[in-house]
There are 2 protein chains.
Amino acid sequence: MQPVAETLPDMGNRRATSYDVARMANVSQSSVSRAFTSGASISEDVRQRVLEVAAQLGYQPNAIARSLITRRSDLIGLMIGQATNLIYPEVLFELSRRISASGSRVLLFALESEAEIGAAMEQLWRYQVDGVISAARLSAEQVGEFATRRVPLVLYNRVLPDCAVTAVSVDHADGERRLVDRLVKAGHRRFGLISGPADNAVSVERMESALARLRQHGLDQVAAARGAYTYESGGEAFGQLVEMLAGPPDAVICANDAMAIGAVDAARHHYKLSVPQQVSIVGFDGAGTARWLSYDLTTIRQPVRRMAEAAVQMLMERIDTPDMEPETRLYAGELIQGGSARLG
Amino acid sequence: MQPVAETLPDMGNRRATSYDVARMANVSQSSVSRAFTSGASISEDVRQRVLEVAAQLGYQPNAIARSLITRRSDLIGLMIGQATNLIYPEVLFELSRRISASGSRVLLFALESEAEIGAAMEQLWRYQVDGVISAARLSAEQVGEFATRRVPLVLYNRVLPDCAVTAVSVDHADGERRLVDRLVKAGHRRFGLISGPADNAVSVERMESALARLRQHGLDQVAAARGAYTYESGGEAFGQLVEMLAGPPDAVICANDAMAIGAVDAARHHYKLSVPQQVSIVGFDGAGTARWLSYDLTTIRQPVRRMAEAAVQMLMERIDTPDMEPETRLYAGELIQGGSARLG
DNA sequence: TTGTAAGCGTTATCAT
DNA sequence: ATGATAACGCTTACAA
């Protein structure tokens, strides 16, 4: 081993490469590579010297070049839509944290509309992501493209009917059943439903589950209005329900928290109804804001941390073992007995 | 030009490369590259044929390999902390959208604590990001490292004193002055302040600006409590103010909306005070949730869209023109006269 | 343990 | 307009 060269290599403003480090440390370029690869066979002596020079030069291995040869980018694509849904920021942060913790980086696609999904997928392919977690509305065809390209995919809260796909989801049906049972038990009879967008599978499943359960209780005269998952639309939908029923409903079941909160405000401020004495309102998701005292929403809390942890773990497994079977994990939500509804 | 080859190349389960496409289209690999480069000199004939074969093979150019040679990753690092701050999800989505719109991808780092910034920066270097937008708390030293490495950086709502750096920020001082002036004009005299974390520059600037303005109005007996930017801490801090003043303050100025909302709830529900009749409470940021009817917060609305647009535009300029001068753009916030405070 | 050399999949340069 | 060929910065046999 030669002594360390005294002169700084001329890099003409370019970033330092492993060759620059090698030259200055008087070792071969491969030794530099090995110094940054845990478990590589390299003497402690050389490793130290390389690391020292690297620090001096501010050298960090180029992950782009690395993934070209290893065929692994350590990039996980994260697709998320519906910025309006209160729980999404929480989901996004939780997933992002878990992905970082498992040694990968997050390539984020925050989608405004479904129309953008195609373009996002194209970029996913181009950037050679190792896998993708999606909380956006993929069509069965789009899910199929992941399979064709053999890019592992985990859906978050999107269970596609008739489509074998790996997913984590809160048990929407179970949650709605529990809400309905408790509302009925408390004596509510005139029900109103506020659903989300018609093409949103989650909303559809939640609302159909609620409706089915109400029918089982012999209640089949249920008013239904459609919202857009937003606070404002929840208030408007509440107004529609009041018109349809020619008076306030006993209880309103909303497809998410944002609309439920909108409904609570509309009931209180526009219709001067007291919640929950005159009307019970329940939501779904258990977003942090739903716990604020002024709303204290009765809702089903999605176990976001556990779900995010599972999603990332399932994805990583499939990256390491490409031919695993699709698997769906359903998580029971926690019923949060807030002050926005009377439960029996 | 030869006819299209009939046999599919054997790719042994690997992704299609430009060579595979070239072989099948009976053209050179360079022609494939050109077909995907807008403005390259290639005949429409060949371009069509290449694109056709590419579609058949599901070929997309490998962005990783591309950036290795072009020395441009089209990757923008996005660092964001403080998931608790209500406005951050909005900022994140807005920045993400703008970055996508300008043809780059987002490498996301959602940080829980400042301790993670170092590790995130290391990954930024490794992935050769073209530039970074940060809404996390960087030290002057960390900002310096961006300069050393010549990686363009734009700070969002973080103006570092004595540190030339490109940034967009809402005019915190101006916003607080306007709030104070209007509160004083309405006759409030006993003031309480709820600040954020001591080491948070934004909070410090907002609170010091408010304090200075109060002094100019001859009010220098101001109670101050510290929160942690969260809803819960806002409520607790409100309690501390009541104790310190041996009674409720006339007006409470909070460093952000989440704490203001916490204070409103504490005032109403724990102290049975009517807001704004007995106590006025103002926040800062103008997050969507602050507009909800039950709070209807009086606050300064940060022009998120315009700020995000400016941040991305300034970053892109600096990526294209590396030696531009640092520049800070200050945006006046919009005073939202909600129902949580009496203004004069 | 260390060094040499061959890729990885592009774009860029230079002939033709 | 098209086709060879040389980078880009790394990892990984293989040789020493």
Side-chain angles (χ1 to χ4, degrees), chain A residues 1-2 9 11-50 54 57-75 123 125-130, chain B residues 1-2 9 11-50 54 57-75 123 125-130:
Chain A
M1 215 170 66
Q2 317 284 318
M11 299 181 296
N13 246 341
R14 284 179 23 267
R15 298 178 181 183
T17 71
S18 54
Y19 279 97
D20 299 319
V21 177
R23 206 177 316 141
M24 257 191 83
N26 274 324
V27 295
S28 73
Q29 182 271 338
S30 14
S31 290
V32 177
S33 172
R34 286 191 264 259
F36 280 88
T37 311
S38 70
S41 76
I42 184 176
S43 69
E44 191 53 27
D45 197 23
V46 170
R47 214 182 69 91
Q48 282 308 327
R49 198 139 63 102
V50 167
L57 258 47
Y59 168 80
Q60 293 284 1
N62 183 329
I64 298 284
R66 181 179 198 283
S67 39
L68 192 57
I69 182 80
T70 59
R71 293 152 177 287
R72 174 146 180 170
S73 62
D74 285 339
L75 245 30
Q123 296 302 328
W125 314 145
R126 292 195 175 205
Y127 279 84
Q128 317 285 116
V129 295
D130 296 335
Chain B
M1 212 168 70
Q2 316 285 319
M11 299 181 295
N13 246 343
R14 289 187 9 270
R15 297 180 181 181
T17 71
S18 54
Y19 279 98
D20 299 320
V21 177
R23 205 176 318 139
M24 257 191 84
N26 273 326
V27 295
S28 72
Q29 184 272 338
S30 329
S31 291
V32 178
S33 174
R34 282 191 266 260
F36 281 89
T37 310
S38 69
S41 75
I42 185 176
S43 69
E44 191 52 30
D45 198 22
V46 170
R47 213 181 69 91
Q48 281 309 327
R49 197 140 63 105
V50 168
L57 258 46
Y59 167 80
Q60 293 283 0
N62 182 329
I64 298 283
R66 180 179 198 283
S67 37
L68 191 57
I69 181 79
T70 59
R71 295 151 174 288
R72 180 154 174 160
S73 62
D74 285 340
L75 245 30
Q123 296 303 328
W125 314 146
R126 292 195 175 205
Y127 278 85
Q128 316 286 113
V129 294
D130 295 335

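Naming: A, B, ... by sequence-line order, numbering from 1 per chain.
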Using the 3.5 Å cut-off, write out each protein N or O paired with an N or O of nucleotides 4-7 of chain C and the distance between them.
from	atom 1	to	atom 2	distance (Å)
C/dT4	O4	A/Ser30	OG	3.1

Query raised in the report: Tell me, which pairs form a side-chain hydrogen bond (donor to acceptor under 3.5 Å, both in side chains) where one or both residues lie in residues 30-41 of chain A, sequence neighbours left out?
Result: A/Ser28-A/Ser30, A/Ser28-A/Ser31
Query raised in the report: Quantified as the angle between the terminal helix axes (five pairs each), what is the overall bend of the helix from C/dT1-D/dA16 to C/dT16-D/dA1 to 10 degrees?
Result: 40°
Report task. Round to the nearest Å and state the distance from A/Leu68 atom CG to D/dT12 atom P. Result -> 13 Å
**Report entry** Whole angstrom value for the distance that separates C1' of D/dC10 from CZ of A/Arg15
**Finding:** 15 Å
Requested in this report: Please figure out whether B/Glu44 or B/Arg71 has its closest DNA chain D nucleotide nearer the 5' end.
Outcome: B/Glu44
Query raised in the report: Can you check the A/Leu57 CG to D/dG9 C1' distance for me, whole Å?
Result: 15 Å
Report task. Can you measure from CD1 (A/Ile64) to CG (A/Leu75) and round to the nearest 0.5 angstrom? Result -> 7.5 Å
Report task. Taking side chain to side chain donor-acceptor pair (under 3.5 Å) as the test, write out the residues that go with A/Ser73, two or more places apart. Result -> A/Asp130
Query raised in the report: OP1, OP2 of D/dG9 versus side-chain N and O of B/Tyr127: anything below 4.0 Å?
Result: no
Requested in this report: Check whether any side-chain N or O of A/Ser43 sits under 4.0 Å from OP1 or OP2 of C/dT2, and answer yes or no.
Outcome: yes
**Report entry** Contacts of type side chain to side chain donor-acceptor pair (under 3.5 Å), residue A/Ser18, not counting sequence neighbours
**Finding:** A/Gln29
Report task. Send over the distance from A/Arg23 CZ to D/dC10 P, rounded to a whole Å. Result -> 12 Å
Report summary line: Those residues at least two apart in sequence (or on a different chain) that pass side chain to side chain contact (heavy atoms under 4.5 Å, CB included) with B/Gln123 are A/Arg105, B/Phe109, B/Arg126, B/Tyr127
Report task. From the options C/dT11, C/dT10, D/dG9, select the nucleotide whose nearest atom is closest to the side chain of B/Thr70. Result -> C/dT11
Report task. Return the nearest nucleotide to the side chain of B/Ser33; candidates are C/dT10, C/dT11, C/dG3. Result -> C/dT11
Query raised in the report: Using a cut-off of 4.0 Å on non-hydrogen atoms, how would the nucleic acid contact of A/Ser18 be classed: base, sugar-phosphate, or nothing?
Result: sugar-phosphate
Query - Taking every non-hydrogen atom, the tightest pair across A/Val27 and A/Arg49 - result: CG1-NH2, 4.3 Å
Query raised in the report: Counting any heavy atom closer than 4.0 Å, what does A/Phe36 reach on the DNA or RNA strands: base, sugar-phosphate only, or nothing?
Result: nothing
Query - d(CD1, A/Ile64; C1', D/dA7) in whole Å - result: 17 Å
Report task. Please identify each residue that fulfils side chain to side chain donor-acceptor pair (under 3.5 Å) with B/Asp74, with sequence neighbours left out. Result -> B/Arg72
Report summary line: note: B/Arg126, atom CZ; D/dC10, atom P; distance rounded to Å ~ 10 Å
Query raised in the report: What's the CZ-P distance between A/Arg49 and C/dT1, to the nearest Å?
Result: 17 Å
Query raised in the report: Residues in salt bridge (charged side-chain N to carboxylate O under 4.0 Å, His left out) with B/Arg71, at least two apart?
Result: none
Query raised in the report: Yes or no on side-chain contact (heavy atoms from CB on, under 4.5 Å) for B/Val50 and B/Val21, after CA distance, side-chain angles and deciding distance?
Result: CA-CA 7 Å; B/Val50 168; B/Val21 177; 4.1 Å; yes
Query raised in the report: Who are the salt bridge (charged side-chain N to carboxylate O under 4.0 Å, His left out) partners of A/Arg66, not counting sequence neighbours?
Result: none
**Report entry** Whole-Å gap separating C1' (D/dA1) and CD (B/Gln48)
**Finding:** 16 Å
